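Got a structure here, written out as structure tokens. Questions coming.
None of the values given here were measured: they were computed from a predicted structure. For the single chain, residues carry numbers from 1 onward in sequence order.
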Amino acid sequence: MKAKKKKFDYFESLVNMSLYALQGAKLLKEIIVDFNHETLGERRRSMHELEHRCDTEKHALTTALAKEFLPPVERDDLFRLSHVTDNLTDAIDGVAAFLYMADIRAIRPDSAAFADLIIECCEGATELLREFRNFKKPARLNELIILLNDLEERGDKLYAEAVRKLSSESKSTREVIEWRDIYKKFEICFDAAESIADNVESAVLKNS
């Protein structure tokens, strides 16, 4: 008798993608706290490998979804969630990539606060996607959605204060230009995490 083929677990796949983002966020914290210009290229490659693994997981999800007769939630919702979850890993990879490409030699002190908040966002996104399996009982999901919205607001405030301080303190035009870009890339990470929350909220409303 032929063994029954195991169904693809879309919920688990989304969690796996968010875990790559969380690993990337922790690596970014290491890069920033223990900054070493000489090892930045190697660490940037490690970060990009995480981004590649997340892309592979997304491809597996979308390939399975294309063949799925009856997905557990609407097809478009799963596709959008795979896209925005992948975007979070891409955004974190984008910070490390820019630090390398801009040949940054020193890290501004407030960068550690950004890295810590990005880790919080990734932890919140991972918990949210773990809970997404229980979308028909959304009480905990709603709490986590609010949490991620609050973290994004904290990120906006951190960004505004960092740019203001940079503009008032820096004596170098190059530093201002480069670090405005870096701070913006930090902020994109917060926005990417909030986008996961927004898409989970939309999926819950449509599928409950």
Sequence neighbours left out, cut at 3.5 Å: what donor-acceptor pairs do the side chains of residues 27-43 make with other protein atoms?
from	atom 1	to	atom 2	distance (Å)
K29	NZ	D116	OD1	2.6
N36	OD1	E38	N	2.8
H37	NE2	D103	OD1	2.6
H37	NE2	R105	NE	3.0
T39	OG1	N36	O	3.3
R43	NH1	D34	O	3.0

At their closest point, which heavy atom of Y10 faces which heavy atom of E68, and how far apart are they?
-> OH-OE1, 2.8 Å
Would you say V176 and T173 make side-chain contact, with heavy atoms under 4.5 Å?
-> no
Reported OG1-to-CG distance for the pair T56 and N16, which is rounded to 0.5 angstrom | 12.0 Å
Reported CG-to-SG distance for the pair D86 and C54, which is rounded to 0.5 angstrom = 4.5 Å
Stepwise, does the side chain to side chain contact (heavy atoms under 4.5 Å, CB included) test hold for N87 with H83?
-> CA-CA 6 Å; N87 281 349; H83 179 70; 3.5 Å; yes
Pair F132-L81, side chain to side chain contact (heavy atoms under 4.5 Å, CB included): steps then yes or no | CA-CA 11 Å; F132 183 46; L81 273 169; 3.5 Å; yes
First locate atom CD1 of I119, then atom CD of E123, and finally report the distance between them rounded to the nearest 0.5 Å.
-> 7.0 Å
Under 4.0 Å between a Lys/Arg side-chain N and an Asp/Glu carboxylate O for R140 and E143?
-> yes
Is a salt bridge present between K58 and D55, judged by a nitrogen-to-oxygen distance below 4.0 Å?
-> no
Could you tell me whether the side chain of T85 and the main chain of S82 form a donor-acceptor pair under 3.5 Å?
-> no
State, yes or no, whether a side-chain contact exists between V95 and F114 at a heavy-atom distance under 4.5 Å.
-> no
From CG (L166) to CD (E178), nearest 0.5 Å = 10.5 Å
Could you tell me the separation between the CZ atom of R154 and the SG atom of C121, rounded to the nearest 0.5 Å?
-> 8.0 Å
Output yes when a side-chain donor or acceptor of T126 lies under 3.5 Å from a complementary backbone atom of C122, and no otherwise.
-> yes
Begin from the C-alpha positions of F135 and F11 and carry the test side chain to side chain contact (heavy atoms under 4.5 Å, CB included) through to its verdict.
-> CA-CA 11 Å; F135 64 91; F11 301 108; 4.0 Å; yes
Would you indicate whether the side-chain heavy atoms of S167 and R180 approach each other to under 4.5 Å?
-> yes
Taking D9 for the side chain and E12 for the main chain, is one N or O donor matched with an acceptor at less than 3.5 Å?
-> yes
Sorted by first residue and then second, give each salt bridge (charged side-chain N to carboxylate O under 4.0 Å, His left out) pair with at least one member in residues 88-102; sequence neighbours left out.
-> R44-D93
Please examine the side chains of W179 and S170, heavy atoms only from C-beta on, and report whether any two atoms are closer than 4.5 Å.
-> no
Side chain to side chain contact (heavy atoms under 4.5 Å, CB included) evaluation trace for M17 with T89 = CA-CA 8 Å; M17 291 174 67; T89 308; 5.8 Å; no
Return yes if some donor-acceptor pair links the side-chain N/O of T63 with the main-chain N/O of A60 below 3.5 Å, else return no.
-> no
Check the surroundings of atom NZ in K206: do more than 12 heavy atoms from other residues, nucleotides or ligands lie under 6.0 Å from it?
-> yes
Do I145 and V84 share a hydrophobic cluster (ILVMFWY, side-chain heavy atoms under 4.5 Å, transitive)?
-> yes
Ring-ring centroid check Y100 F98, cutoff 6.0 Å | no
Determine yes or no for a side-chain-to-main-chain donor-acceptor pair under 3.5 angstrom, with S202 supplying the side chain and N199 the backbone.
-> no
E194 side chain near E153 side chain, heavy-atom distance below 4.5 Å = no
Within a strict 4.5 Å, meaning less than it, do heavy atoms of the I196 and L88 side chains meet?
-> yes
Using a strict 4.0 Å threshold on nitrogen-to-oxygen distance, state whether R53 and E49 make a salt bridge.
-> yes
Looking at R130 and E127, does any basic side-chain N land under 4.0 Å from a carboxylate oxygen?
-> no
Could you tell me whether the side chain of N207 and the main chain of A203 form a donor-acceptor pair under 3.5 Å?
-> yes
Under the 3.5 angstrom rule, does the side chain of S168 hit a backbone N or O of R164 as a donor-acceptor pair?
-> yes
Got L99 and I107 here, is their nearest side-chain heavy-atom distance under 4.5 Å?
-> yes
From R45 atom CZ to H48 atom NE2, the distance as rounded to the nearest 0.5 Å | 11.5 Å
Residues two or more places apart in sequence or in another chain: which of them pass side chain to side chain donor-acceptor pair (under 3.5 Å) with Y183?
-> R108, D110
List the steps and the verdict of salt bridge (Lys or Arg N to Asp or Glu O under 4.0 Å) for D77 and R80.
-> CA-CA 5 Å; D77 294 321; R80 278 195 296 271; 2.9 Å; yes
On a heavy-atom basis, the closest approach of P71 and L78 is CB-CD1, 3.9 Å
Tell me whether I188 is reachable from V163 by hopping between hydrophobic residues (I, L, V, M, F, W, Y) whose side-chain heavy atoms are closer than 4.5 Å.
-> no
Does the side chain of L151 reach to within under 4.5 Å of the side chain of F190, using non-hydrogen atoms?
-> no
